[in-house]
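Counting starts at 1 for both ligands and their atoms, in listed order. Residues: numbered from 1 along the sequence shown.
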Amino acid sequence: MSPLTLTPKRRYLVRFNPKRIPHLFTDVLVIGAGIAGIRAALEVDPRLSVVLATKGRIAESNSSYAQGGIAGVFDPLDDIANHAADTVAAGKGMCDGDVVEMVVREAPERIRELMEMGAVFDQADGEIALTQEGGHSHRRVVHALGDATGKEIMRALIDRVRHSAHSQLWDNTFTIDLLTHEGECRGALVWNPQHGKTFVWAKQTILATGGAGRLFRETTNPDIATADGQAMAFRAGVELRDMEFMQFHPTVLYIAGSSRHLISEAVRGEGGILRDSLGVRFMGDYSPKLELAPRDEVSRAITRQMEKTRHHCVYLDVTHLDKQMIADRFPHISQVCREFGLDLTRDLIPVRPGAHYMIGGVTIDHHARTTLPRLFAAGEVTSSGLHGANRLASNSLLEGLVFGLRAGKLASDAALAEPDRFSAWPLQFEPPPVVEGRDQTLNLGDLLNSLNSEMWRNVGIERNAQGLEAARQQVEFWDRYVGPREFNEPQGWELQNMLLASRMMIAAATARKETRGVHTRSDFPQSDPQQADHIRMIAK
Ligand SMILES: Cc1cc2nc3c(=O)[nH]c(=O)nc-3n(C[C@H](O)[C@H](O)[C@H](O)COP(=O)(O)OP(=O)(O)OC[C@H]3O[C@@H](n4cnc5c(N)ncnc54)[C@H](O)[C@@H]3O)c2cc1C
């Protein structure tokens, strides 16, 4: 199928005069300091210079919030083939078999590497402790600090990269756009509050900006997940695909006024039960795998049961499980619940689904190469072919490690082979007639809330043609007057990125006239074998 096309409102979000902006030259630029970006930076040859730019504090990423763990075969009774089969089964006909095989085969080695870097995983009887999550046929999820795996992994990775002499870490540095010249990526335009805009010219660039959960009203993602990477890549002419596949996590703590904490799959893995507001265990009505069905099935089941019972949430029940085990395995979740007066061992926990993981994104090949020469990408910003139409739990930290390493290695090899060139490339683009963004009548917070609600209502867990068309018209309307404006700070750029990413998601969700994996169409409830293919997208 030929790719869908969309027209971004601008090629570059800001105007610039190259004679008035500082220029910096580096061998490799890594954008994003989550698991994928840091793993990439660590792979670059020490003879080369690396700039690692992240828009917030380095510890603020989806990676740091990961709870359940990272999947890899360590149990002698398990097998690489089982891990591959489970991944493919979850992916509903859309996984790239070679990528799956490559990633799951590397998993134990990548996890051991983390241990060598100082990450401490939980142990049982002197061995790595393994738990089981939805969709996995065996216990193969390695975890740390009970249920704060990401925090521990990122502590070790951040520590390692801080000690790497050839890497410069630039936090609070927002990447506005990728710089392109004659169809190749040449670095990026970045901004920070101290220095304003800077051109970072790089021999090779690696995009690792993570996900897009913040498009939705209900999400597990921290504030950084605003689809900047997907949008900047699209503006630069890079192909994206599968933008309709947003995974919703079934069990997000639902307490008015609290931020939406994820209640890890592992809670169900250890025996947690879902009950509706009448106390009925309902998963048996939806899947023979009960609470351990894949996420898309559990999310749909919860949504339907909420509709049936006309109640705003369902409840997770672990009151029948061993209290000490709950305290040991889920210290973080127990603590969060306590803050709201809930005792995990005695009370039912109110939960409902929330946007969690962006499956689609920048198309990459087996070597983490995008369709734009000199631009690599890794992690949640990409579509690598690993997850298909539905990500298997705990496969995404793994994907970040495997493709981060590849991106770092290839970018490093390519940069080593290239002589230095300390001059700027001429950038050709037609600056659009812009509207200044200091207009006080534009309330960005209000626009974001409206976008979040629209996306949740019409592009959320269940979609249909009518709702998608309403969302398209609404988002296009906002983008018509927000897109062409010129903002001078991240809040405005993020909103512009989210509007563009929402347009992409709506277009792809409209084009996929079937239900597959995480994409549910109430007007096309069946999967159609003719549509088991990627929906690609490029800028026109
Ligand atoms: C609550 C929660 C629990 C999870 N649990 C698990 C789990 O148990 N197992 C698992 O495998 N996965 C889990 N996931 C998913 C997993 O954490 C992510 O998919 C993965 O960490 C993504 O890594 P990443 O490096 O691609 O992106 P991130 O870790 O999100 O990093 C993105 C980086 O890019 C930076 N960035 C973004 N935009 C810009 C910009 N414009 N300029 C500069 N920098 C920018 C950010 O600041 C950040 O440093 C969970 C996710 C969440 C939210």
List the atom pairs, donor and acceptor, that lie under 3.5 Å between side-chain atoms in residues 226-239 and the rest of the protein, sequence neighbours left out.
from   : atom 1 : to     : atom 2 : distance (Å)
Thr226 : OG1    : Lys55  : NZ     : 2.8
Thr226 : OG1    : Asp228 : OD1    : 2.9
Thr226 : OG1    : Asp228 : OD2    : 3.4
Asp228 : OD1    : Asn497 : ND2    : 2.9
Asp228 : OD2    : Lys55  : NZ     : 2.8
Gln230 : NE2    : Gly210 : O      : 3.2
Arg235 : NE     : Asp177 : OD1    : 2.9
Arg235 : NH1    : Asn497 : OD1    : 2.8
Arg235 : NH2    : Ile176 : O      : 3.3
Arg235 : NH2    : Asp177 : OD1    : 3.1
Arg235 : NH2    : Asn497 : OD1    : 3.1
Glu239 : OE1    : Arg536 : NH1    : 3.2
Glu239 : OE2    : Thr363 : OG1    : 2.8

Would you mind checking which non-hydrogen protein atom is closest to [atom], with the distance to 0.1 Å?
atom: atom 16 (C) of ligand 1; result: Ser396 OG, 3.7 Å
atom: atom 42 (N) of ligand 1; result: Thr175 N, 2.9 Å
atom: atom 37 (C) of ligand 1; result: Thr209 O, 3.3 Å
atom: atom 44 (N) of ligand 1; result: Lys55 N, 3.1 Å
atom: atom 4 (C) of ligand 1; result: Ala66 CA, 3.3 Å
atom: atom 18 (C) of ligand 1; result: Glu380 OE1, 3.2 Å

Is the closest heavy-atom distance from [X] to ligand 1 below 4.0 Å?
X: Gly229; value: no
X: Ile35; value: yes
X: Asn497; value: no
X: Gly400; value: no
X: Thr149; value: no
X: Arg39; value: no

Return yes or no for this condition: an N or O of [X] is under 3.5 Å from an N or O of ligand 1.
X: Gly211; value: no
X: Asn62; value: yes
X: Tyr357; value: no
X: Ile224; value: no
X: Gly69; value: yes
X: Asn221; value: no
X: Ala36; value: yes

For ligand 1, note which part of [X] has a heavy atom under 4.0 Å away: side chain, backbone, both or neither.
X: Leu397; value: both
X: Trp493; value: neither
X: His261; value: neither
X: Ile176; value: neither
X: Ala208; value: backbone
X: Thr54; value: both

Give the minimum heavy-atom separation between [X] and [Y], together with the two atoms involved.
X: Gly517; Y: Asn390; value: CA-CB, 4.2 Å
X: Asn452; Y: Leu215; value: ND2-O, 3.1 Å
X: Thr131; Y: Ala266; value: CG2-CB, 4.5 Å
X: Met243; Y: Ala501; value: CE-O, 4.2 Å

Using only atom types and a distance under 3.5 Å, with no angle test, would you say the side chain of [X] pairs donor to acceptor with the backbone of [Y]?
X: Asn192; Y: His195; result: yes
X: Glu152; Y: Val120; result: yes
X: Thr219; Y: Ala355; result: yes

>> Under the rule for side chain to side chain contact (heavy atoms under 4.5 Å, CB included), what residues qualify as partners of Leu130, not counting sequence neighbours?
In response: Phe74, Asp75, Ile128, Arg139, Val142
Pull out every atom of ligand 1 sitting under 4.0 Å from any heavy atom of [X], numbered as shown with elements.
X: Phe174; value: 41 (N), 42 (N)
X: Thr173; value: 42 (N), 43 (C)
X: Asp228; value: 38 (N), 39 (C), 40 (C), 41 (N)
X: Leu262; value: 1 (C), 3 (C)
X: Gly379; value: 26 (O)
X: Thr220; value: 1 (C), 53 (C)

>> Quick check on Lys197: does its NZ atom have over 12 non-hydrogen neighbours (other residues, nucleotides or ligands) under 6.0 Å away?
In response: yes
> For Glu127, does the CD atom sit with more than 12 other heavy atoms under 6.0 Å from it, leaving out its own atoms?
Replying inline: no
> Which distance, rounded to the nearest 0.5 Å, do you find between the CE of Met117 and the CZ of Arg112?
Replying inline: 14.0 Å
> Do Phe16 and Phe199 have ring centres separated by under 6.0 Å?
Replying inline: yes
>> So Thr26 and Ser49, do their side chains get closer than 4.5 Å, heavy atoms only?
In response: yes
> Is there side-chain contact between Phe248 and His356, with heavy atoms separated by less than 4.5 Å?
Replying inline: no
>> Does the structure place the NZ or CZ of Arg391 under 6.0 Å from the centre of the six-membered ring of Tyr357, at an angle of no more than 45° from the ring's axis?
In response: yes
>> Please compare His356, Glu133, His387 and report which has the shortest non-hydrogen distance to atom 51 (C) of ligand 1.
In response: His356
> Hey, are His143 and Asp122 close enough side-chain-wise for a donor-acceptor pair under 3.5 Å?
Replying inline: yes
